[in-house]
Every structure is written in C-alpha cells, then in structure tokens.
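We're numbering straight along the sequence, starting at 1.
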Amino acid sequence: MNIRKGEKKDMKSVLDLIQELATFEKEPDAVVVTVSNLERDGFGDHPLFYTFVAEVNEEIVGMALYYYRYSTWKGKTIHLEDLIVKEKMRGSGLGFALYSKIIEQGQLDKVRRVEWNVLDWNTPAIDFYIKSGARILVDWRVAQMDENGINEFLSKK
C-alpha cells in the first residue's frame, strides 16, 4: 500500500472512484464533473482542491479529496470533501490510512479544524468517525443551492 499526493495523471482514476461513491450513496447519475474539470481545477497556480491517492500494485484503489476553508470563528480549516475506497478494498486499512493522512495534513498546516459531512444512514462511517475522536454535529443541517436554484434565485432578484 502506498499513500501519496494525487497527480494530474491520476484524475481518471479519481473520477472512477467519485462515480463509485455516487453509486454507493444511491445517486449514480449525479456526477457531472469530468476528468478535464478535475485536471483544470486541481492543478495549476491556484488549485481548488488537493488529493491523496492510495495505490496497491500500482492501481489507485482509494482517494481523499480536500480543500481549505476559512472559519470566522476558527481561522484556517480543511474540508474533507470525499474519502473513497474501492469496494473490493474496504476493510483493508486503506480508508484509515487516507483518513490519517488528512488529519496529519491538518496538523502540518496548523489548521484549527478538519471537517466533513457524513450521511445519516452510513452508520459504519459514523461509528468509525466517533471511535477516532471526531464529533458528529447533530444540531447542524447542511444547506445547499444547486445550479437550478442559483438561476431561479437570480431570475427573481
């Protein structure tokens, strides 16, 4: 097993993992991002995200995608957008290794918080996070406005 920083050439494998996660989360048709989007947005002078990939026998079988946020209360934070391990590799320790790498990155960057979302029905993940020392905030709700909502809101302005 090898955990390393993701590279531009890895984005096809990263997209395959994103699609696998979407299927696991019961939204297989929700992914619209492309390899070109990932290559453009994750590399260059001002990357919008960073990745760690997990390799076994030179095959990428897991990844963690994160980016930096700023909290008005805490300052610099890391948001872990997704941590994905191929189904055939779950239970092998790869998820823990990727998770640990994100926490280590947070410490290296001196962030005051690492945060992420977890679906309320994903009890194995919730149990894992709690066991690791994370808190699950039950009194907060995620608010989002999708592209259609943005357009509708602005059309009424």
Side-chain angles (χ1 to χ4, degrees), residues 1-28 30-33 35 37-39 41-43 46-146:
M1 173 175 44
N2 179 38
I3 306 290
R4 63 172 174 78
K5 288 193 177 242
E7 301 172 12
K8 196 174 196 177
K9 67 182 173 89
D10 301 325
M11 293 303 103
K12 168 68 172 98
S13 295
V14 166
L15 183 58
D16 291 343
L17 286 162
I18 291 168
Q19 188 61 59
E20 185 170 330
L21 178 65
T23 300
F24 172 76
E25 292 183 350
K26 302 173 178 64
E27 294 202 49
V31 177
V32 297
V33 73
V35 171
N37 296 148
L38 293 170
E39 291 173 345
D41 297 339
F43 302 89
H46 303 287
L48 298 176
F49 67 86
Y50 304 89
T51 58
F52 288 109
V53 295
E55 291 178 311
V56 173
N57 298 324
E58 298 182 21
E59 176 190 3
I60 295 175
V61 293
M63 73 93 177
L65 187 147
Y66 68 99
Y67 54 89
Y68 296 93
R69 293 174 61 174
Y70 196 84
S71 164
T72 55
W73 290 11
K74 300 294 181 186
K76 186 177 180 180
T77 67
I78 283 179
H79 181 81
L80 173 59
E81 179 65 20
D82 280 320
L83 191 154
I84 309 161
V85 174
K86 282 191 175 190
E87 187 174 9
K88 69 180 182 178
M89 297 302 295
R90 292 186 191 140
S92 68
L94 280 172
F96 180 79
L98 285 163
Y99 179 77
S100 297
K101 197 71 170 169
I102 293 293
I103 305 302
E104 289 170 10
Q105 188 67 46
Q107 186 179 53
L108 283 172
D109 293 336
K110 296 180 177 23
V111 301
R112 293 200 174 106
R113 179 170 66 208
V114 177
E115 59 195 5
W116 59 93
N117 297 321
V118 60
L119 290 166
D120 62 358
W121 56 261
N122 192 348
T123 52
I126 292 169
D127 293 344
F128 169 79
Y129 295 141
I130 291 170
K131 185 177 177 184
S132 79
R135 292 182 306 132
I136 306 297
L137 305 177
V138 296
D139 51 345
W140 284 79
R141 300 286 188 258
V142 176
Q144 294 182 335
M145 186 177 287
D146 65 11

**Request:** Answer yes or no: does atom CZ of Arg4 have more than 12 heavy-atom neighbours from other residues, nucleotides or ligands under 6.0 Å?
**Result:** yes

**Item:** Any Asp109 side-chain heavy atom under 4.5 Å of Tyr68 side chain
**Value:** yes

**Message:** Any side-chain to backbone donor/acceptor pair from Glu39 onto Met11? Under 3.5 Å, distance only.
**Reply:** no

**Prompt:** Could you state the interatomic distance from CG (Asn117) to CD1 (Ile136), rounded to the nearest 0.5 Å?
**Reply:** 10.0 Å

**Prompt:** Below 4.5 Å, heavy atoms only, C-beta onward: do Arg113 and Trp73 meet side chain to side chain?
**Reply:** no

**Prompt:** Mind checking what makes side chain to side chain donor-acceptor pair (under 3.5 Å) contact with Lys86, not counting sequence neighbours?
**Reply:** Glu59

**Message:** Looking at Trp121, I'd like to know if its CH2 atom is crowded, meaning that more than 12 non-hydrogen atoms belonging to other residues, nucleotides or ligands lie closer than 6.0 Å.
**Reply:** yes

**Asked** Heavy-atom distance under 4.5 Å between the side chains of Lys74 and Arg69, does that happen here?
**Response** no

**Item:** Whether over 12 other heavy atoms sit under 6.0 Å from Asp146 CG
**Value:** yes

**Prompt:** So which heavy atom on Leu98 is nearest to which on Ile84, and how close?
**Reply:** CD1-O, 4.1 Å

**Request:** Any chance you could measure Glu81, atom CD, to Glu115, atom CD, to the nearest 0.5 Å?
**Result:** 11.0 Å

**Request:** State the CG-OH distance between Leu65 and Tyr50, to the nearest 0.5 angstrom.
**Result:** 11.0 Å

**Item:** For Ala64 against Leu80, the heavy-atom pair lying closest together
**Value:** CB-CD1, 4.0 Å

**Item:** Closest non-hydrogen atom pair between Gly42 and Pro47, with its separation
**Value:** O-CB, 3.4 Å

**Message:** Are there over 12 heavy-atom neighbours, none belonging to Lys76, within less than 6.0 Å of that residue's NZ?
**Reply:** yes

**Message:** With heavy-atom distances below 4.5 Å as the criterion, would you say the side chains of Asp82 and Leu17 are in contact?
**Reply:** no

**Audit row: Val31, Leu15, side chain to side chain contact (heavy atoms under 4.5 Å, CB included) steps and yes/no** = CA-CA 9 Å; Val31 177; Leu15 183 58; 4.0 Å; yes

**Item:** Within-4.5 Å side-chain heavy-atom neighbours: Tyr66 and Phe52
**Value:** yes

**Prompt:** With Leu38, which of Leu48, Thr51, Val33 fulfils side chain to side chain contact (heavy atoms under 4.5 Å, CB included)?
**Reply:** Val33

**Complete:** Shortest non-hydrogen pair, Gly106 vs Val114, comes out as CA-CG2, 4.4 Å

**Asked** Where does the angle between the aromatic ring planes of Tyr99 and Phe96 fall among parallel (under 30°), tilted (30 to 60°) and perpendicular (over 60°)?
**Response** tilted

**Prompt:** What is the distance from atom CD1 of Ile103 to atom OG of Ser132, rounded to the nearest 0.5 Å?
**Reply:** 6.5 Å

**Asked** Any donor-acceptor pair under 3.5 Å linking the side chain of Asp10 with the backbone of Glu7?
**Response** yes

**Request:** Only one of Glu55, Met1, Met63 passes side chain to side chain contact (heavy atoms under 4.5 Å, CB included) with Leu94; say which it is.
**Result:** Met1

